[in-house]
Amino acid sequence: YMGFHFYNMEAPKVDTMMGRPIIYFFDKAGGRIKEEHLFLNNYADSPFVYQGVKYKTAEHFYHANKFVGEGKAQEFRQKIIDLPTADEAKHVSHDLAKEFGDAEYWRLWDEERKLCIMRIGVKEKYDQNPILKEKLLATGDAYLVEENPKDAYWGGVAPGAINMLGNILMEYR
């Protein structure tokens, strides 16, 4: 104790994890997020083609592929693919999921499919964009953390976060 008062102290800013440097990324620069790491985010402009369909970003790919099948699902996929921004793709997919019908939608959108779609999106993003792939490889053995304070699943800083997007990026790298 030695007379030190630890209340009202901020936690130290950690810049290494298990002896590896940490690179934080999200949708805009600021704080620990550097401009040169924004490409790691799924919102980054990174067009690619998968099974004959062109996607603007990995975020478009992820959200469009939540909808499986023909008819309404196909219509919803195309609506998401055609949206101009990744942010719109994300938000519109949430609205469409409600319209699609919770029982059918959630039965098809399980943990395994969610991870499979994200892994494919990450692979295609970097395989088809060589400059982005070079930049990802240049991160070396750094620990990649999505600094999303609201998402404990894909992000790595919310309470209880598992940093799944960062882990998929490191797995691919």
Side-chain angles (χ1 to χ4, degrees), residues 8-18 20-48 55-68 76-77 79-126 132 135-136 139 142-173:
N8 293 331
M9 289 181 63
E10 287 186 29
K13 300 291 184 202
V14 178
D15 59 358
T16 61
M17 170 83 62
M18 297 176 283
R20 296 163 46 193
I22 298 175
I23 293 175
Y24 294 93
F25 64 94
F26 198 40
D27 59 349
K28 58 183 171 258
R32 300 184 287 195
I33 303 167
K34 296 180 180 171
E35 185 80 30
E36 66 261 27
H37 298 134
L38 295 180
F39 76 94
L40 294 165
N41 189 277
N42 284 344
Y43 279 35
D45 185 36
S46 52
F48 63 86
Y55 298 90
K56 295 175 186 81
T57 67
E59 195 77 6
H60 280 82
F61 176 80
Y62 177 78
H63 290 288
N65 283 284
K66 287 179 173 180
F67 303 99
V68 179
F76 288 175
R77 277 194 308 276
K79 188 177 278 193
I80 292 165
I81 290 165
D82 292 341
L83 290 167
T85 70
D87 193 52
E88 287 174 282
K90 176 181 179 179
H91 294 292
V92 168
S93 80
H94 294 164
D95 294 340
L96 293 175
K98 293 173 192 158
E99 188 179 326
F100 195 63
D102 287 342
E104 182 179 4
Y105 173 75
W106 292 118
R107 180 179 56 78
L108 298 170
W109 191 242
D110 62 12
E111 189 76 13
E112 185 178 341
R113 179 166 175 75
K114 185 189 307 191
L115 289 172
C116 179
I117 294 299
M118 186 61 79
R119 282 188 173 102
I120 291 168
V122 165
K123 179 185 182 313
E124 297 302 326
K125 171 182 176 174
Y126 291 100
L132 296 181
K135 290 168 78 171
L136 176 61
T139 63
Y143 192 77
L144 306 177
V145 177
E146 184 186 45
E147 191 167 309
N148 183 339
K150 296 180 182 176
D151 190 338
Y153 184 78
W154 296 112
V157 297
I162 59 175
N163 192 39
M164 192 56 73
L165 180 56
N167 288 323
I168 289 172
L169 287 165
M170 292 181 286
E171 173 185 291
Y172 173 81
R173 179 183 59 195

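Quick note: numbers below take in every heavy atom, side chains included, and nothing from hydrogens, waters or symmetry partners. For the single chain, residues carry numbers from 1 onward in sequence order. Computed from a predicted model, the values in this text were never measured in an experiment.
With contacts defined as side-chain heavy-atom distances shorter than 4.5 Å, the pair E124/Y55 does not qualify. Under the 4.5 Å side-chain criterion, counting only non-hydrogen atoms from C-beta, F67 is in contact with L96. At a threshold of 4.5 Å between non-hydrogen side-chain atoms, the residues T85 and Y43 do not count as touching. Looking at heavy atoms from C-beta onward, D27 lies out of side-chain contact with E59 at the 4.5 angstrom threshold. Taking the side chain as every heavy atom from C-beta outward, H60 and L83 approach each other to under 4.5 Å. Side chains of K34 and Y24 form no contact here, defined as non-hydrogen atoms less than 4.5 Å apart. The side-chain heavy atoms of L169 and E146, taken from C-beta on, include no pair separated by under 4.5 Å. Between L136 and L144 there is a side-chain heavy-atom pair separated by less than 4.5 Å.
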As a quick check of understanding, evaluate side-chain contact (heavy atoms from CB on, under 4.5 Å) for H91 and H63, giving each step before the final call. CA-CA 9 Å; H91 294 292; H63 290 288; over 6 Å; no

Before you tell me yes or no, could you show the steps for H37 and E147 under side-chain contact (heavy atoms from CB on, under 4.5 Å), namely the whole-Å CA-CA distance, both residues' side-chain angles and the distance that decides it to 0.1 Å? CA-CA 11 Å; H37 298 134; E147 191 167 309; over 6 Å; no

Please test N167 against Y143 for side-chain contact (heavy atoms from CB on, under 4.5 Å), starting from the C-alpha separation and ending with a verdict. CA-CA 8 Å; N167 288 323; Y143 192 77; 4.1 Å; yes

Begin with the C-alpha distance, continue with both residues' side-chain angles, and end with the deciding distance and a verdict on side-chain contact (heavy atoms from CB on, under 4.5 Å) for N42 and F61. CA-CA 9 Å; N42 284 344; F61 176 80; over 6 Å; no

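Residue N163 comes nearest to M170 through the heavy atom pair ND2-CE, 4.2 Å, listed as atom of the first residue, atom of the second, then distance. Closest non-hydrogen pair, A142 versus I23, comes out as CB-CD1, 3.6 Å. Looking at every heavy atom in both residues, R119 comes nearest to I168 through CG-CG2, 4.0 Å. Closest of all the heavy-atom pairs between V68 and R113 is CG2-NH2, 3.1 Å. Here the shortest heavy-atom pairing between K135 and E36 reads CE-O, 4.2 Å. When every heavy atom of A58 is checked against every heavy atom of G121, the shortest pair comes out as CB-O, 4.3 Å.
Distance CH2/W154 to CG/N41: 12.5 Å, rounded to 0.5 Å. In this structure, CG in N65 is found 7.0 Å from CD1 in I81, a value given to the nearest 0.5 Å.
When L40, T139, N148 are each tested for a side-chain contact (heavy atoms from CB on, under 4.5 Å) with F25, only one passes: L40.
Atom CD of E112 has 12 or fewer neighbouring heavy atoms from other residues, nucleotides or ligands inside a 6.0 Å radius.
Under a 3.5 Å cut-off, the side chain of K56 and the backbone N or O of D45 do not form any donor-acceptor pair.
Relative to the six-membered ring of Y172, K125 misses at least one condition, a distance below 6.0 Å or an angle of at most 45° to the axis.
Here salt bridge (charged side-chain N to carboxylate O under 4.0 Å, His left out) pairs that include residues 84-96, with residues two or more places apart or in two chains, number zero.
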